[in-house]
Amino acid sequence: MKPVRVILAGAHGHGWWHLENLRRLSEAGLVEFAGVCDVRPVDGLPAGVEFSSDLVELIGRTGAEVTILCTPIQTHTGLAARALRAGSHVLLEKPPAATFADYEQILAMAEETGLACQVGFQSLGSEAVPAIRKMIADGLIGRVVGIGAAGAWERPYSYFSRVPWAGKREVDGVAVVDGALTNPLAHATATALAIAGGDIEGIEVELYRANAIEADDTSCLRLRMDDGTPVTVAVTLCADRRHEPYLIVHGETGQIRLTYTEDRVEFGGTSTVYPRTDLLENLVAHLREGTDLLVPLERTAGFMRVLESVRLAPDPLAIADRFQEIDEERRVLPGIAEVTAASAERLALYSELELPWAPSVRPGTPGVFGDEGAETVGVDASGVRVAEYVIGTRLPRTSSPRPYLHPVRTLGGTVVTEFAPADHVHHLGVSVAVSDVGGNNFWGGRTYVRDRGPSWLGDHGTQRHLGFSWRDSSGFGESLAWEGADGSEIAREARSVRAVELDGCWALDFSFALTNLTGEPLPVRSSATKGRAGAGYGGFFWRAPGSAADRRVFTEDAEGEEAVHGSTSPWLAMASADWTLVFVQRDDPWFVRVVEYPGAGPALAWETPLLIEGTLARRIVTVVTDGRLSRADAAALASEVSW
């Protein structure tokens with residue numbers, strides 16, 4: 001096979017790795033190392049290797065079939081276009097471009113010229129990625145419920161001053177986007193997307209910085225894929241040392257762990273290291289033998305959507321010096337490797353991990369690939385912000401988008417809700433969620449079908465915020481449209497949410513009135529009404545933190561999940577070592593889980609369907625308190641808030 005003539009543009013910095021790789025492949029007879037293009041001289045080039053500062057001139061002079069572009073991010077678009085127009089295929093270092101528009105320009109040029117453009121996400125050359133996808137397809141871990149990635153590296157001050165664009169979001173008004181997520185640890189996102197497959201439906205991004213730079217050095221994101229799967233990535237350049245980055249694929253029956261820098265897959269007590277194909281070798285095989293490209297430019301669209309959201313996000317939040325260890329060489333965030341690990345395990349953002357330097361609620365992230373930003377309403381009690389109510393969500397259709405309360409806190413600041421946990425990504429803090437209203441799924445996830453089981457039916461409805469009738473620091477009155485899977489409005493809801501101050505604690509007074517708009521009786525069903533015993537959930541539902549220790553549930557005369565589930569006690573208490581919730585209502589049986597996960601709420605259709613002919617009204621008051629309460633104390637508080 002005739003060697004492929006290759007030149008390298010950008011030989012300094014990471015370019016040195018490509019120089020060594022070109023020497024290796026030249027010795028193997030696969031490539032002919034023909035030239036180097038750079039604005040600075042390069043010492044020690046092999047004999048016969050041409051040098052020029054003019055890329056097009058060098059391509060013409062050497063007859064280069066392939067150009068490796070390892071230049072500053074903001075130069076990729078222009079140089080890729082020149083190389084392609086000059087007739088050279090391209091191996092483009094990651095990230096492919098600094099904006100999604102630039103990416104589309106390169107893609108259009110590659111399509112116009114018919115030339116190949118491979119992107120340098122080396123981890124995607126690993127056979128570990130298709131191996132994991134096959135393990136998933138074979139059902140080895142059941143249905144995938146989420147993918148979490150973690151990366152914790154250390155970088156000295158000199159890393160951010162090595163070149164003028166390092167750690168910058170822009171240079172002279174031109175986008176660069178050189179942050180932890182988009183450049184040094186970009187493989188974490190790219191690899192997670194390759195395993196997840198599908199398209200991105202929503203993006204949440206949180207950016208932080210410990211160093212005095214423009215871009216992020218500590219950041220995280222959560223993606224919602226079009227099948228509802230959450231994907232999180234948590235990274236930092238402020239660890240105490242290098243920790244090899246990895247991904248966890250969470251399944252209903254098991255986990256797969258991939259350390260992508262080592263191509264190591266761990267599953268079921270075994271560890272397997274897979275081979276990796278060099279991406280330049282793959283490009284050569286593509287040109288000479290027709291082998292499929294491993295990372296063609298069009299396959300990186302998902303990553304570029306993430307980069308665009310990072311580019312459009314607010315500037316990173318500065319992490320105060322008091323949360324850092326600072327010396328002459330670098331800044332370290334103590335315990336940050338454990339924090340990224342917790343994110344990957346719990347599929348959580350930094351703001352959801354109760355970190356002192358990460359606000360518990362970040363403003364919505366503007367961007368073109370999710371909502372334009374979630375609108376939140378604060379709820380206060382005793383002068384303390386005890387809850388955030390989210391009305392503009394960035395949820396996938398499969399989560400039955402709806403307003404929700406999260407985080408909800410005790411007066412002492414302990415968070416007592418959980419949002420989109422790995423076990424049930426459609427659990428959204430505190431919300432009104434019903435598995436079947438007139439054949440529409442307003443709960444999220446799969447719909448239970450008699451004699452078939454949970455199934456994806458494309459029947460998810462949406463609760464759309466219409467406006468507030470009143471609003472003050474303690475709460476609000478709200479109007480919502482319940483829209484079915486076909487977009488038609490089947491019901492209109494009037495909702496009232498208010499925080500009530502109590503002695504040393506507070507209570508959430510939540511009521512809703514759902515009016516049928518169909519002109520016919522509107523049936524409300526649960527999975528239990530379709531044959532799934534005990535699954536009577538549907539209505540007001542509170543998902544508590546799965547991390548809570550020593551969970552306990554009880555009523556005035558019963559103890560434990562089995563005894564309480566389905567009971568009609570006027571109150572129910574769920575307690576952990578750090579908090580207690582006392583739910584009070586008088587209409588429906590209790591649906592409760594405490595072993596598998598902590599969650600509770602009254603069940604509208606416990607065993608038989610409920611028909612709404614006019615308006616269905618419900619009210620539930622929940623006392624939120626620090627510490628574990630006794631039965632007597634819970635009963636006293638329940639009596640205090642009863643009506």
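These values consider heavy atoms only, across backbone and side chains, with no hydrogens, waters or symmetry-generated copies.
Glu352 has a carboxylate O that lies under 4.0 Å from a charged side-chain N of Arg222, or vice versa, which qualifies the two as a salt bridge. Lys168 and Glu170 are not joined by a salt bridge, as no carboxylate oxygen comes within less than 4.0 angstrom of a charged side-chain nitrogen. Salt bridge annotation for Arg23-Glu20: present, with a cationic side-chain nitrogen under 4.0 angstrom from a carboxylate oxygen. Between Glu252 and Arg143 there is a salt bridge, with a side-chain nitrogen of the basic residue lying less than 4.0 Å from a carboxylate oxygen of the acidic one.
Considering only heavy atoms from C-beta on, His424 stays 4.5 Å or farther from Glu418 through its side chain. When side chains are defined from C-beta on, Ile7 does not count as touching Cys37, because their heavy atoms never get closer than 4.5 Å. Using a 4.5 Å heavy-atom threshold, the side chains of Val306 and Leu181 count as separate. For the pair Leu293 and Asn282, the minimum side-chain heavy-atom distance is below 4.5 Å. Between Val4 and Leu30, the closest side-chain pair of non-hydrogen atoms is not below 4.5 Å. Residues Tyr103 and Leu307 are not in side-chain contact: their nearest non-hydrogen atoms beyond the backbone lie 4.5 Å or more apart. A heavy-atom distance below 4.5 Å is found between the side chains of Tyr350 and Thr218.
To the nearest 0.5 Å, atom OG of residue Ser123 and atom CG of residue Leu279 are 8.5 Å apart. Between the NE2 atom in His89 and the CG atom in Leu84 there is a gap of 9.0 Å [rounded to 0.5 Å]. Within the model, atoms CG of Leu287 and CG of Leu283 stand 4.5 Å from one another, a figure rounded to the nearest 0.5 Å. A distance of 10.5 Å separates CZ in Arg155 from OG1 in Thr236, rounded to the nearest 0.5 Å. In this structure, CG in Leu124 is found 10.5 Å from OH in Tyr260, a value given to the nearest 0.5 Å.
Side-chain N or O atoms of Thr182 include one that pairs as donor or acceptor with a backbone N or O of Val177 at under 3.5 Å. A donor-acceptor distance shorter than 3.5 angstrom exists from the side chain of Arg133 to the backbone of Ala194, with no hydrogens or angles considered. Proximity of a side-chain donor or acceptor of Arg288 to a complementary backbone N or O of Lys2 within less than 3.5 Å is detected.
Below 30°, between 30° and 60°, or above 60°: for Trp17 and His14 the angle between ring planes is below 30°, a parallel geometry. Between Trp456 and His460, the two ring planes are tilted [angle within 30° to 60°].
Taking the centre and axis of the six-membered ring of Tyr274, the NZ or CZ atom of Arg276 falls outside the cone set by 45° and 6.0 Å. Arg169 forms no cation-pi arrangement with Trp165, by the criterion of a distance under 6.0 Å to the ring centre and an angle within 45° of the ring axis.
Glu57 CD: more than 12 foreign heavy atoms inside a 6.0 Å radius. Other residues, nucleotides and ligands place more than 12 heavy atoms under 6.0 Å from the CG atom of Asp138.
Checking Tyr208 against Glu206 by side-chain atom types alone, a donor-acceptor pair falls below 3.5 Å. Side-chain N/O atoms of His286 and Gln118 include no donor and acceptor closer than 3.5 Å. Side-chain contact of Ser271 with Arg264: a donor-acceptor pair under 3.5 Å is present, judged by distance alone. Between the side chains of Ser52 and Asp54, no donor-acceptor pair of N or O atoms lies under 3.5 Å.
Every residue two or more places apart in sequence or in another chain that forms a salt bridge (Lys or Arg N to Asp or Glu O under 4.0 Å) with Glu32 is listed here: Arg5. Among residues two or more places apart in sequence or in another chain, the salt bridge (Lys or Arg N to Asp or Glu O under 4.0 Å) test is passed with Arg82 by none.
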